Each structure stands twice: as structure tokens, then as C-alpha cells.
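From a predicted model like this one, the values you see are computed outputs, not experimental measurements.
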Amino acid sequence: MSTTLPRNPENTTAVLAVTGATAGELRSALIAEALFVAGSRDLVDAHAAHADCRTFRYEFAWRSPALGGELGAAHTVEVPFVFDVTDQPGLLGADALLGAGAPPAELAARTHAAWIAFARTGAPGWAPYERGNGHLMRIAEEWETVPGRRPEPSPSAG
């Protein structure tokens with residue numbers, strides 16, 4: 001069964017104007033939310049509901065310059081950072097996963113260290129996720145703890 005969502009050009013135009021996003025960026029964000037974020041958020045909430053489990057959540061936000069910058073922070077871009085192999089020739093180049101140029105070595109070292117710490121101790125170096133606070137570690141050249149849930153949109157007046 002196929003479902004077609006109703007289209008409202010006025011709403012689309014308003015969202016694009018408010019966010020400053022292109023139509024392609026908005027489409028990519030919606031697809032990412034549907035395919036990756038929503039299910040991950042449900043899984044982490046379910047895991048965190050168990051008192052005997054520590055749960056950690058992250059978002060890898062470093063944007064690969066590959067494909068003219070269009071690849072961005074795509075799914076699996078973090079894998080070479082986790083294993084600290086960002087110097088591998090097959091990962092580098094304009095059309096390769098990590099793009100042309102050298103990815104940030106400090107980001108690779110810190111990401112790798114966090115995963116090693118998690119494997120050894122069960123803690124990657126940031127506070128556990130707790131149901132209700134929804135915080136996650138956003139990993140990029142600068143690491144920061146951020147709310148894991150975006151604010152719910154308010155109904156439009158009118």
C-alpha cells in the first residue's frame with residue numbers, strides 16, 4: 001500500500017523561509033529523521049527505561065567535504081573516526097567517504113578514545129542519557145551536549 005502525503009506549497013515555502021534551508025536540505029532532514037533519528041530515539045528511550053542499564057547517545061555531526069560538500073554528516077561517516085583510520089587512502093579524495101584533504105586528526109583520536117573507554121569501562125566519557133532529559137553528545141570538531149529532542153512545532157495561528 002502506498003501513501004501520498006498531501007502537499008501544501010504555502011507550508012513548504014514558509015518552512016524554507018524560516019529555516020533558510022533549500023528544498024533539498026529540507027527533504028534530506030525529513031528523510032534522515034524518518035530513517036535514522038526517530039527509531040534510534042525510540043530505542044534509546046526503551047533501553048534507558050531499564051534501571052540497571054546505562055545508556056549513551058551521540059550524534060556524529062562532522063560534515064565530510066566529499067562530493068562537493070553534499071555528503072555532509074551522512075550515516076557511517078563516523079566509522080573511520082571510531083577506528084582512527086582516517087588516514088587510509090581509500091577513504092580520501094573528492095568522491096571518497098572523507099573527502100579531499102586531511103580529516104581532523106584530533107577528532108579521530110578523541111572519537112577513538114571514547115569508544116575504547118566505552119569498551120573498557122562501559123562509559124564513553126559523557127553523561128548517560130536519561131529518559132526525560134533526552135541529551136546526547138554531538139560529536140564534531142567541537143563536542144557539545146545538546147538536547148536530543150527538537151522542540152515540537154507549535155500549531156500555526158490562523
Side-chain angles (χ1 to χ4, degrees), residues 12 14-50 52-153:
T12 302
V15 169
L16 295 174
V18 169
T19 63
T22 67
E25 290 168 337
L26 180 59
R27 182 181 135 278
S28 292
L30 291 171
I31 290 170
E33 176 71 25
L35 293 178
F36 301 110
V37 178
S40 295
R41 187 175 46 239
D42 292 346
L43 179 63
V44 78
D45 279 341
H47 191 268
H50 298 278
D52 60 339
C53 296
R54 288 189 307 168
T55 305
F56 298 91
R57 187 169 176 214
Y58 76 95
E59 172 185 272
F60 195 80
W62 179 78
R63 298 187 58 79
S64 170
L67 305 173
E70 293 296 317
L71 185 59
H75 184 63
T76 74
V77 167
E78 78 271 23
V79 174
F81 291 86
V82 169
F83 293 99
D84 198 7
V85 294
T86 57
D87 60 348
Q88 296 298 303
L91 297 171
L92 304 173
D95 295 334
L97 183 65
L98 301 180
E106 175 56 31
L107 176 58
R110 187 172 178 191
T111 303
H112 180 69
W115 265 251
I116 294 297
F118 182 74
R120 286 186 179 148
T121 69
W126 61 83
Y129 175 91
E130 294 178 14
R131 290 184 78 196
N133 81 8
H135 288 90
L136 60 86
M137 179 60 70
R138 178 168 292 146
I139 299 172
E141 289 187 67
E142 299 293 325
W143 291 38
E144 64 179 327
T145 302
V146 298
R149 294 186 185 275
R150 292 174 179 86
E152 293 294 322

Q) Which heavy atom in Ala61 sits nearest to a heavy atom in Ala140, and how many Å separate them? A) C-CB, 4.1 Å

Q. Hey, what do you get for CD1 (Ile31) to CZ (Phe36), rounding to the nearest 0.5 Å?
A. 10.0 Å

Q.
I need the Glu144 CD to Glu59 CD distance, nearest 0.5 Å.
A. 9.5 Å

Q | Under 3.5 Å donor-acceptor, Thr86 side chain and Phe81 backbone | A | no

Q | Matching residue for Thr111 among Val82, Asp84, Val79 - test: side-chain contact (heavy atoms from CB on, under 4.5 Å) | A | Val82

Q: Looking only at non-hydrogen atoms, find the nearest pair between Phe60 and Ala73 and report the distance.
A: O-CB, 3.7 Å

Q | Rounded distance (nearest 0.5 Å) linking atom NE2 of His135 with atom CH2 of Trp126 | A | 14.5 Å

Q: Find the distance between CG (Leu92) and CG (Asp87) and round it off to the nearest 0.5 Å.
A: 7.5 Å

Q.
Quick check against the 3.5 Å criterion: does Arg57 have a side-chain atom that pairs as donor or acceptor with the backbone of Val44?
A. no

(Q) Quick check on Glu70: does its CD atom have over 12 non-hydrogen neighbours (other residues, nucleotides or ligands) under 6.0 Å away? (A) no

Q: Identify the heavy atoms of Ala100 and Pro65 that sit nearest to each other, and give their distance.
A: O-CG, 4.0 Å

Q. Of the non-hydrogen atoms in Ala96 and Gly90, which two are nearest, and what is the gap between them?
A. CB-O, 3.8 Å

**Q.** Nearest atoms (heavy-atom pairs only) where Ser64 meets Gly99
**A.** OG-N, 3.7 Å

Q: May I ask you to check whether Tyr58 and Trp115 place their ring centers less than 6.0 Å from one another?
A: yes

Q.
Please find the pair of heavy atoms, one from Arg54 and one from Gly122, that lie closest to each other, and give the distance.
A. NH2-O, 3.1 Å

Q) Taking atom OG1 of Thr55 and atom CG of Leu136, what is their separation to the nearest 0.5 Å? A) 13.0 Å

Q | Value rounded to 0.5 Å, distance of NE2 in His47 from CZ in Arg131 | A | 12.5 Å

